[in-house]
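Remarks on the structure that follows.
Read the numbers this way: they start at 1 and go in the same order the structure lists the ligands and their atoms. Along the sequence shown, the residues carry numbers beginning at 1.
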Amino acid sequence: MSVKNKIIKTQESLNKFNAKLIAVTKTHPVSLVKEAYEAGHRDFGENKVQELLDKQPELPNDINWHLIGHLQRNKVKFVVPFIHLIHSVDSEKLLKEINKQAKKIDRPINCLLQVHIAQEESKFGLSEENLKLLLNSDTLRDASHVQVKGLMGMATFTDNDEQVRKEFQHLKNIFDELKKTSLPENVHMDELSMGMSSDYKVALEEGSTMVRVGSAIFGERNYS
Ligand SMILES: *Cc1c(COP(=O)(O)O)cnc(C)c1O
C-alpha cells in the first residue's frame, strides 16, 4: 500500500475516537513526507532536533511540526521559531529555557508534559511526584510564553497488551484527575499524546487524543 493510502486508512481508524494522527517521519526522507503531505496530512513528528531542522526548510510552511523526542536545553532556541507542539517537556529547567527563548521572539510555545509510565528505566519523563511539583511551581506559573496543553507518555515496549493497557489507563487517570484540580492559567488538560504503531489502537481505547505513528505508515526504519 502507498504512503498516501496508509495515511488515509490510519486517519480513518482514528475518526471515531476523535483523535489526531501525528505522522512520525524520523529516518525517512523528505520525499516520503511530501507524499503524506499531498494526501492532505499536516501534522508530522520528529524525535531528533537536528533531523527536524534539516527537514523543516525543505517542506511546506503550513506543516504542524511536533517534537516528540528528548529535547536538550541548548537546542531549544533552534525549534521555538516554528515548532507547533513540544511533546517531551520533562523538567523544570527545560520548561524555563523554552519560556526564555519563546519570550525573546514573542512566540508562545505549546507543550505537553511527558510522564514516565513505562516499567523500563531508560525512558524519559516526569515521575508523578515531579509532575505535580512542576504543575505547582512558580517556574510554570510565571512562564508567560508556555502553554501546557496536556500530557504525553510512552508505554513499555512489550507484546503484553494488558500491561500496555494498564500503563495507558494510569496516564489517563492522572490526566482526568488533573482536569478536576485547579491548575495555573497557562495549563489546560486537553491533549493526551499516547500510542505508537504497535500500541495506538489500545491507546485510543484508553482515551488518547493524539497518536504518534511512524513505521505503520512509512515502513520499518533503517538506522544503518
Ligand atoms: C519513533 C517514535 C514514535 C513512533 O514510533 P513507531 O513505532 O514507528 O510508530 C512515537 N513516539 C516517539 C516518542 C518516537 O520516538
Side-chain angles (χ1 to χ4, degrees), residues 1 3 5-14 17 19-30 32-33 35-36 39 41 43-56 63-72 75-76 79 83-91 94 110-126 149-161 163-165 167-168 171-172 175 191-224:
M1 216 195 294
V3 162
N5 284 334
K6 280 189 190 153
I7 278 276
I8 291 166
K9 273 235 151 32
T10 314
Q11 276 170 346
E12 276 171 8
S13 72
L14 266 57
F17 296 99
K20 184 169 246 173
L21 172 63
I22 315 303
V24 177
T25 49
K26 66 187 187 205
T27 77
H28 296 294
V30 162
L32 278 191
V33 188
E35 262 186 72
H41 201 69
D43 286 271
F44 294 96
E46 285 285 338
N47 72 329
K48 292 208 169 78
V49 171
Q50 191 52 55
E51 196 173 343
L52 175 61
L53 296 176
D54 289 343
K55 281 177 181 160
Q56 186 264 342
I63 285 179
N64 298 324
W65 284 107
H66 296 249
L67 185 67
I68 60 174
H70 184 63
L71 174 58
Q72 287 174 297
K75 298 201 172 145
V76 168
V79 300
I83 202 77
H84 177 70
L85 179 63
I86 301 174
H87 290 230
S88 46
V89 176
D90 64 355
S91 76
L94 176 59
N110 297 323
C111 297
L112 302 179
L113 302 178
Q114 183 175 352
V115 186
H116 181 106
I117 53 168
Q119 267 180 358
E120 291 122 327
E121 286 289 335
S122 63
K123 296 233 168 109
F124 294 103
L126 293 153
K149 300 286 184 186
L151 305 178
M152 183 271 231
M154 289 168 88
T156 303
F157 189 73
T158 169
D159 288 339
N160 184 344
D161 271 3
Q163 185 181 345
V164 168
R165 188 179 296 281
E167 291 171 359
F168 286 148
L171 186 59
K172 175 70 158 72
F175 179 76
E191 302 291 350
L192 187 54
S193 169
M194 56 184 200
M196 332 198 335
S197 292
S198 59
D199 57 21
Y200 77 92
K201 288 180 179 137
V202 178
L204 289 168
E205 287 166 7
E206 299 307 334
S208 171
T209 70
M210 274 185 182
V211 295
R212 310 174 309 271
V213 180
S215 42
I217 295 167
F218 299 105
E220 291 304 315
R221 284 181 288 276
N222 183 355
Y223 282 107
S224 65

Note to self: Nearest 0.5 angstrom please: K75 NZ to L53 CG, how far?
What the structure shows: 8.5 Å

Note to self: Distance under 4.0 Å to a non-hydrogen atom of N47: what atoms of ligand 1 satisfy this?
What the structure shows: 15 (O)

Next item on the list: Begin from the C-alpha positions of E46 and Q56 and carry the test side-chain hydrogen bond (donor to acceptor under 3.5 Å, both in side chains) through to its verdict.
Entry: CA-CA 10 Å; E46 285 285 338; Q56 186 264 342; over 6 Å; no

Check: In terms of the angle between their ring planes, are H70 and F124 parallel, tilted or perpendicular, with boundaries placed at 30° and 60°?
Finding: parallel

Check: If hydrogens are left out, which of E46, Q114, M154, K26 has an atom nearest to atom 14 (C) of ligand 1, that is, the closest non-hydrogen atom?
Finding: K26

Item checked: Proximity winner for atom 13 (C) of ligand 1, if only heavy atoms of I68, L67, T25 are counted -> I68

Notebook entry, point to check: Under 4.0 Å from any heavy atom of S197, which atoms of ligand 1 are there?
Noted result: 6 (P), 7 (O), 8 (O), 9 (O)

Margin query: Nearest 0.5 Å, please: how far is CD1 in I68 from CD in Q114?
Written below: 10.0 Å

Notebook entry, point to check: Which atoms of ligand 1 sit under 4.0 Å from any heavy atom of V213?
Noted result: 9 (O)

Next item on the list: Determine yes or no for a side-chain-to-main-chain donor-acceptor pair under 3.5 angstrom, with T156 supplying the side chain and A118 the backbone.
Entry: no

Checklist line | N or O pair under 3.5 Å between R212 and ligand 1 | finding: yes

